[in-house]
Amino acid sequence: MHVALTGATGFLGLRLLRRLLDTHRSVTVLAHTGSGNALHRISRFFELTGAPEEFTAGLPDRLRVVETDLALPRLGLSGRTFQKLADGLGAIWHSAGSINLEGDLPELRRTNVEGTRHVLELAAAGRQMPAVHHVSTAFVAGARRDGVAYEDELDDAGGFENAYERSKYEAELLVHAWSREHGRPALVLRPSILVTDLPPHPDLPAHPLLVIERILRDACRAARPAGPGPAGRLRVRTVGHPHGRLNLLQVEHAAEVMVRLAGLAPSGGVDTYHVVHDRDVPVPTVVTLLERLVPLSIELVATRPDAPSALEALLDFYPGMTAYLAHRRRFDDTRVRTRLGPSAASAPVGLDYLRSGLAPRDRALPGSPDIPPAALPSASYA
C-alpha cells in the first residue's frame with residue numbers, strides 16, 4: 001500500500017513520517033506550494049534527532065514530494081495530475097492544518113475545513129479507494145470544562161473556547177459526511193496537547209507551548225506593570241482552577257499510537273480514538289512552568305478581575321490560550337486501551353520534561369543557538 005501524508009514537516013507530521021517509513025518503502029509527501037524545500041526540512045529533522053546516517057541519506061529515494069495547496073479544489077493540481085495522484089494511493093494521512101489559537105474563523109476554515117474537504121475529494125477520486133486517516137484534536141469537545149469527553153461525542157452544544165476548536169469540529173463533521181456518502185470507513189485520531197523534551201532548534205518546528213511563551217513575553221513588554229510581584233516579577237491574575245488539569249502527551253508516543261491504530265481493522269464507519277495521556281498534568285504545574293519561562297507571578301482567580309491591570313487586559317485578547325487553565329474535564333480513551341492494551345500508556349510528563357523542550361540551556365542540540373522569542377515561528381504548520 002502506498003501512503004500520502006499532509007503536514008509532513010510539522011511538529012506531529014515529522015514523527016508520523018518516521019513511523020510510516022518503518023512500515024512503508026516509500027511515502028508521498030503532500031507539501032504546501034511555496035513552503036520551501038520539504039525534503040531538506042525533513043532530512044534536517046532526522047539529522048538533528050539522531051537518525052542513522054544511512055537512513056537520512058536514503059530519504060530522496062523513499063520520499064516523493066508533491067506540492068499542493070489544500071485550500072484549493074483538486075489541491076491546486078491539474079485534473080490529470082490530481083487523478084494520477086489519487087489512483088496511486090492506498091491510504092491518506094491528513095495531518096496538516098493550523099493550530100493558531102488566536103486565528104479568526106474564516107482563516108482557520110480555509111486551512112482546517114476546506115483543506116480537509118479537498119483531501120477527502122482526493123480519497124474519493126482514488127481508484128484503490130484509499131483509507132482515510134484524519135488527525136483532529138481532543139479539543140473538539142469544546143468549552144465544556146468539567147466531566148468526561150467521550151470518543152463518540154461530536155456536538156457543538158457547549159460552544160468552543162476559540163475558532164481553532166470550532167474549525168476542527170467542522171472538519172470532523174466533513175469526515176463523517178464523507179463516510180456516509182461513500183459508504184467507506186475513516187479513522188479519526190484526536191490527540192491532546194502534544195509536547196516533547198527535544199530542545200528548541202531553528203531548523204525544527206516549534207513546540208506548541210513556545211507560542212504561549214512568546215505571547216506572554218510580548219504582553220509583558222507591551223503592558224505597563226500594575227505592580228511588581230515576588231522577586232520583581234509582574235503580577236497577573238487570570239481565570240483558572242486550582243484543581244484544573246490539562247492533558248499533555250509526548251508527540252513521539254502519539255505518533256506511535258496513531259500508526260498502530262491505523263493498522264487495526266476498521267469497523268466500516270468512522271472510528272474515533274482519543275490519543276491522550278492516561279494521567280493529566282495539574283494546572284498549578286503548568287502555571288509553575290510558565291512562571292519559569294516568563295517573569296510573571298500568576299494568580300488563578302475564579303472570575304475576571306473587575307479592574308484589570310494593563311497586562312491583564314492585554315492577555316484578555318488571547319482567550320484561546322488562558323481558557324484552558326480552567327479545565328477539569330477528562331478525555332476517555334477506553335477504546336485505545338482496549339485495542340492496544342498496556343502499551344498505550346505513556347511515560348510521565350512532569351515539569352522537568354516540559355521545561356527541557358521549551359527553554360533548555362544545558363542540553364542544546366548540535367549547532368543550536370539560544371533562540372530569542374521574536375525568532376520563534378508562528379503556530380501554523382503545513
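Sequential numbering from 1 along the given sequence is applied to the chain's residues.
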Salt bridge (Lys or Arg N to Asp or Glu O under 4.0 Å) evaluation trace for R217 with E213
CA-CA 6 Å; R217 286 188 182 277; E213 179 191 11; 3.1 Å; yes

Taking atom types as modelled, is there a side-chain donor on T81 or S78 under 3.5 Å from an acceptor on the other?
yes

Would you call V66 and T28 a side-chain contact if the rule is heavy atoms closer than 4.5 Å?
yes

Is there a path of hydrophobic side-chain contacts, each under 4.5 Å between heavy atoms of I, L, V, M, F, W or Y residues, that connects V239 with V236?
no

Where the side chain of R41 meets the backbone of D203, is there a donor-acceptor pair that is under 3.5 Å apart?
no

Within 6.0 Å of CZ in R292, more than 12 heavy atoms from elsewhere
no

Quick one: do L187 and V175 end up in the same hydrophobic cluster if we chain Ile, Leu, Val, Met, Phe, Trp and Tyr together by side-chain heavy atoms under 4.5 Å apart?
no

Does the side chain of R330 reach to within under 4.5 Å of the side chain of V276, using non-hydrogen atoms?
no

With a 4.5 Å heavy-atom cut-off, do V286 and V281 have their side chains touching?
yes

Specify the closest pair of heavy atoms between T111 and S98, including all atoms of both residues, with the distance to one decimal.
CG2-N, 3.7 Å

Is any side-chain heavy atom of F11 less than 4.5 Å from a side-chain heavy atom of I99?
no

Parallel, tilted or perpendicular: which one describes the rings of F55 and F46, with boundaries at 30° and 60°?
perpendicular

Sidechain-backbone polar pair: R184 side chain, P130 backbone, donor-acceptor under 3.5 Å
yes

Separation between CG (L174) and CD (E114), nearest 0.5 Å, reads 7.5 Å

For the pair E312 and R237, evaluate salt bridge (Lys or Arg N to Asp or Glu O under 4.0 Å) and give the outcome as yes or no after the intermediate values.
CA-CA 7 Å; E312 290 164 349; R237 296 162 294 176; 2.8 Å; yes

Closest non-hydrogen atoms of G103 and A163, given as atom of the first, atom of the second and distance, are O-CB, 3.6 Å

Do E67 and H32 come close enough that some side-chain heavy atom pair is under 4.5 Å?
no

Donor-acceptor contact present, side-chain K168 to main-chain V135, <3.5 Å
yes

With distance as the sole test, does R245 use its side chain to make a donor-acceptor pair with the main-chain N or O of R328 at under 3.5 Å?
yes

For residues L17 and L63, determine if any side-chain heavy atom of one lies less than 4.5 Å from a side-chain heavy atom of the other.
yes

If Ile, Leu, Val, Met, Phe, Trp and Tyr residues are connected whenever their side-chain heavy atoms lie under 4.5 Å apart, and connections chain through other members, are L300 and V294 in the same group?
yes

Could you check whether any side-chain N or O of R145 sits under 3.5 Å from a backbone N or O of L325, counting only pairs where one atom can act as donor and the other as acceptor?
no

Pick one: which of E151, R335, R190, R339 meets side-chain hydrogen bond (donor to acceptor under 3.5 Å, both in side chains) with Y273?
R339

Whether the side chain of R260 engages the backbone of A255 through a donor-acceptor N/O pair (distance < 3.5 Å, no angle test) should be reported.
no

Hey, quick one: are V283 and L209 part of the same hydrophobic cluster, counting side-chain heavy atoms closer than 4.5 Å, chains of contacts allowed?
yes

Which atom pair, heavy atoms only, marks the closest approach of R233 to L296?
NH1-O, 3.0 Å

Quick check against the 3.5 Å criterion: does E299 have a side-chain atom that pairs as donor or acceptor with the backbone of T238?
no

Quick check: closest heavy atoms across P284 and G244, and the distance to 0.1 Å?
CD-O, 4.4 Å

Grouping I, L, V, M, F, W and Y whenever their side-chain heavy atoms are under 4.5 Å apart, do L20 and L340 come out in a common cluster?
yes

Below 30° counts as parallel, above 60° as perpendicular, anything between as tilted: where do the rings of F331 and H274 land?
perpendicular

Of the non-hydrogen atoms in W178 and A123, which two are nearest, and what is the gap between them?
CZ2-CB, 3.8 Å

Ignoring hydrogens and geometry, is there a side-chain-to-backbone donor-acceptor pair from D197 to S356 under 3.5 Å?
no

Looking just at side-chain N and O atoms, do H2 and S26 make a donor-acceptor pair shorter than 3.5 Å?
yes

Within this structure, what is the CG-CD1 distance for the pair L216 and I298, rounded to the nearest 0.5 Å?
6.5 Å

R279 side chain to S346 backbone, donor-acceptor under 3.5 Å:
yes

Roughly how far apart are R166 CZ and R109 CZ, rounded to 0.5 Å?
7.0 Å

Do R19 and E252 come close enough that some side-chain heavy atom pair is under 4.5 Å?
no

D332-T334 side chain donor-acceptor pair, cut-off 3.5 Å
yes

Could you state the interatomic distance from CG (L16) to NE2 (H133), rounded to the nearest 0.5 Å?
10.5 Å

Rounded distance (nearest 0.5 Å) linking atom OG of S167 with atom CZ of F160
9.5 Å

Ring-plane angle category for Y324 and H327, please: parallel below 30°, perpendicular beyond 60°, tilted otherwise.
perpendicular

Closest non-hydrogen atom pair between V270 and S179, with its separation
CG2-CB, 3.6 Å

Does any N or O in the side chain of R18 come within less than 3.5 Å of the main-chain N or O of D22, such that one atom is a donor and the other an acceptor?
no

Could you tell me whether the side chains of T116 and H94 share a donor-acceptor contact shorter than 3.5 Å?
yes

Between OG1 of T6 and CD1 of I92, what distance do you get to the nearest 0.5 Å?
9.0 Å

